[in-house]
Amino acid sequence: MEQTRLEDLVFKPSEEFVAQANIKKEMYDEANSDYIAWWAKQAAELVTFFKPYKQVLDDSNPPFYRWFTGGTFNVSYNCLDRHYNSDKRNKAALCYESEVGKKVIMTYRELYVEVNKFASALKKLGVKKGDRVNMYMPMIPEQAVAMLACARIGAIHSIVFGGFSADSLADRINDATAKWLITADGNWRKGAAFNLKANADAALEKTTTVEKVIVVKNTGQDGINMVEGRDVWYHDIMAGADKYCPCEEMEADAPLFLLYTSGSTGKPKGIQHSTAGYLTYTCSTLKYVFDLKETDVFWCTADIGWITGHSYVIYAPLALGMTTFMYDGTIDYPDKDRMWDMAERWGVTVFYTAPTAIRTYMKWGSSYPDKHDLSQLRILGTVGEPINPEAWMWYYKTIGKERCQIMDTWWQTETGGFMCTPTPVVPLKPGTATIPFPGVFVDVIDDNRQPTNRGYLVVKKPWPGMLMTIYGDNDRYKATYWGKFGDIYLAGDSAIKDEMGYIWVIGRIDDVLNVSGHRLGTAEIESALVECQEVAEAAVIGKKHDVKGEAPVAFVILKDGYSGSPELIDKLKKHVGVKIGPIARPDSILFTGALPKTRSGKIMRRLLKDIAEGRAIGDVTTLADPGAMQDIAGKYGKDED
Ligand code: WTA
């Protein structure tokens with residue numbers, strides 16, 4: 001008898017769960033029959049404008065779609081003042097635990113006060129509406145305070161993930177021409193203090209725009225270099241700061257933040273998000289997908305340096321008046337049950353993480369979660385890459401005890417919030433993000449714009465959480481997302497649509513890797529490699545990896561006079577780590593005499609992937625030098641470390 005494949009299993013939500021859910025089945029029809037009315041209703045229910053908007057969607061200048069135009073708005077007001085002035089004033093807004101056990105609970109009132117003071121302090125340092133402020137920080141409450149303070153005064157924040165290198169930080173500061181940088185002395189990693197400020201200093205040597213650096217004392221470690229006239233301590237400027245700072249009335253489509261993400265060229269794109277559209281969208285998706293209630297404790301494990309952290313650790317949970325939990329540290333310190341220990345102690349009810357983490361927990365075994373009482377959990381979630389059905393089943397059984405629905409949310413930095421995702425009324429299948437959120441028109445189409453069961457993942461109509469542009473590069477925005485289909489948004493992923501209409505994301509169609517849920521351009525890693533004096537040319541591909549999903553593998557041609565050695569492999573890997581960040585370090589490097597190229601000179605990465613993953617080499621008829629493949633295939637597995 002044929003065995004049922006995991007991905008064919010269907011898990012129906014229980015009747016009780018459906019009955020108590022925020023979402024109702026009818027909402028799908030309601031939203032899809034008039035999506036403009038649906039988003040207007042969402043805005044009316046979830047956010048507060050100062051001046052009402054005139055138009056829900058202004059589509060007069062595609063692809064520069066603008067939501068809620070004519071209205072004025074402030075995100076900090078929506079996240080704080082509304083609750084400060086309500087009976088949520090003394091509710092826990094932000095709960096935090098550091099790796100070394102420091103705990104903070106900030107009520108809405110306390111967060112409001114901190115944000116007001118920091119906003120006043122920023123103003124005193126000269127920050128004005130529209131200015132860009134860079135941040136390079138650990139996952140600490142001051143990060144949330146800094147974001148909300150920028151939003152309050154209309155400054156645009158640009159956060160760079162703390163795991164990125166000094167060079168990556170410098171590139172992003174330069175692109176945003178930021179005059180302010182907010183950072184910290186250090187952060188904790190496996191019990192040791194890492195000097196983040198030293199990285200920030202190295203970046204500042206490569207930038208010309210930054211005039212002031214604000215430093216949070218986090219680890220309290222010695223040896224922090226403070227540059228006279230440039231660097232100030234966060235606690236010093238907070239000491240005398242005004243307790244109230246009025247909210248700037250922002251246009252609904254004014255930029256809230258920039259967040260850089262990798263594309264298919266070496267230069268990261270500054271994704272620019274709006275205020276009113278972005279907040280309406282993130283609130284609506286969070287409320288209906290994770291079904292948040294007054295009593296929930298929501299833990300999204302993403303770093304704030306990624307879009308998931310922006311939207312679902314900070315902005316949406318706070319705007320909805322929920323309790324959000326954040327943890328700064330490694331997941332196995334002091335032991336491999338750290339996450340479950342915290343989930344139990346803090347009474348986490350909704351837990352949202354990434355497939356790479358789930359696969360790691362699975363590898364460690366169920367004894368770690370089994371040590372803890374996780375019965376408060378109601379709902380689980382995953383994001384960042386396709387989740388393999390085995391990991392899904394483990395998550396469902398071991399963590400959720402077959403009680404909790406798993407929300408596999410497909411979305412992107414560019415989309416602002418969830419696009420394709422189950423909600424409490426949607427039956428699940430392991431490994432698929434199921435169906436589009438109400439009022440969102442995700443589909444799978446072919447080159448002729450026709451619906452197909454395997455093709456491009458696209459979005460056919462604008463949605464309020466959408467990016468506004470790529471900072472400073474409207475042409476690249478148009479070309480990247482709208483160049484292929486004109487009025488249809490190209491996500492850059494390929495997908496399958498099954499007979500139930502469920503969408504299965506397969507992977508990227510461009511030269512972008514997904515390493516542990518982090519987007520990295522092959523071009524970025526290649527250009528880091530060719531900076532080394534020994535390297536003539538490099539090609540990077542993603543190889544399937546049990547835990548990371550994909551791991552970077554580099555094929556390198558050396559310049560004449562150099563030869564490959566384990567020391568050189570080490571040096572090149574280290575260089576990529578320093579240049580981009582540890583996540584970008586290739587797992588293996590292979591030296592080769594030639595790379596497979598088309599006659600027009602484009603590297604055929606598909607063939608390199610075949611070799612790296614041990615498959616028979618695919619079609620080589622378009623290769624300029626078919627012999628090159630034999631050379632590489634013969635070497636792979638020998639020289640590679
Ligand atoms: C991938 C993260 C399958 C996808 C929010 C997308 C996913 C890219 C999923 C965006 C998922 C994200 N299933 N693939 N549930 N979630 N992806 O910008 O390739 O860091 O285009 O945003 O991650 O990554 P980004």
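Counting starts at 1 for both ligands and their atoms, in listed order.
To the nearest 0.5 Å, the span separating OH on Tyr65 from CH2 on Trp463 amounts to 9.5 Å.
Between His310 and Phe257, the two ring planes are tilted [angle within 30° to 60°].
From the protein, the heavy atom lying nearest to atom 1 (C) of ligand 1 is Gly384 O, 3.3 Å. Among protein heavy atoms, atom 4 (C) of ligand 1 sits closest to Asp493 OD2, 3.1 Å. Counting only heavy atoms of the protein, atom 10 (C) of ligand 1 lies nearest to Trp411 O, 3.5 Å.
Taking the six-membered ring where the residue is Trp, the centroids of Trp306 and Phe161 are separated by under 6.0 Å. Ring centroids of Tyr396 and Phe11 are separated by less than 6.0 Å, placing the two rings close together.
In this structure, Trp306 falls outside the shell of residues with a heavy atom less than 4.0 angstrom from ligand 1.
For the pair Thr308 and ligand 1, the shortest N or O to N or O distance does not fall below 3.5 Å. For a threshold of 3.5 Å applied to N or O pairs, the pair formed by Thr382 and ligand 1 contains no separation below that value.
Between the side chains of Thr421 and Thr409, no donor N or O sits under 3.5 Å from an acceptor N or O.
Only the side chain of Asn514 comes within contact range of ligand 1, with a heavy atom under 4.0 Å; no backbone atom does. Of the heavy atoms in Thr413, both backbone and side-chain atoms come closer than 4.0 Å to ligand 1. With a heavy-atom cut-off of 4.0 Å, Arg519 touches ligand 1 through its side chain alone. Heavy atoms from both the backbone and the side chain of Pro386 come within less than 4.0 Å of ligand 1. Residue contacts with ligand 1 for His518 are absent, since no atom lies close enough (heavy atoms, distance under 4.0 Å).
Heavy-atom contacts of Val383 reach the following atoms of ligand 1: 5 (C), 16 (N) (cutoff under 4.0 Å).
Partners of Asp296 under the side chain to side chain contact (heavy atoms under 4.5 Å, CB included) rule, at least two apart in sequence or in another chain, are Leu292, Lys293, Thr349, Val350, Arg378.
A 6.0 Å sphere centred on CG of Asp8 holds more than 12 heavy atoms belonging to other residues, nucleotides or ligands.
Ion pairing between a basic and an acidic side chain is recognised when a charged N comes within 4.0 Å of a carboxylate O; Arg338 and Asp332 show no such pairing. The pair Arg449-Asp487 meets the salt-bridge criterion, since a charged nitrogen lies less than 4.0 angstrom from a carboxylate oxygen.
Here atom 13 (N) of ligand 1 lies nearest to Glu385 when heavy atoms of Met407, Glu414, Glu385 are compared.
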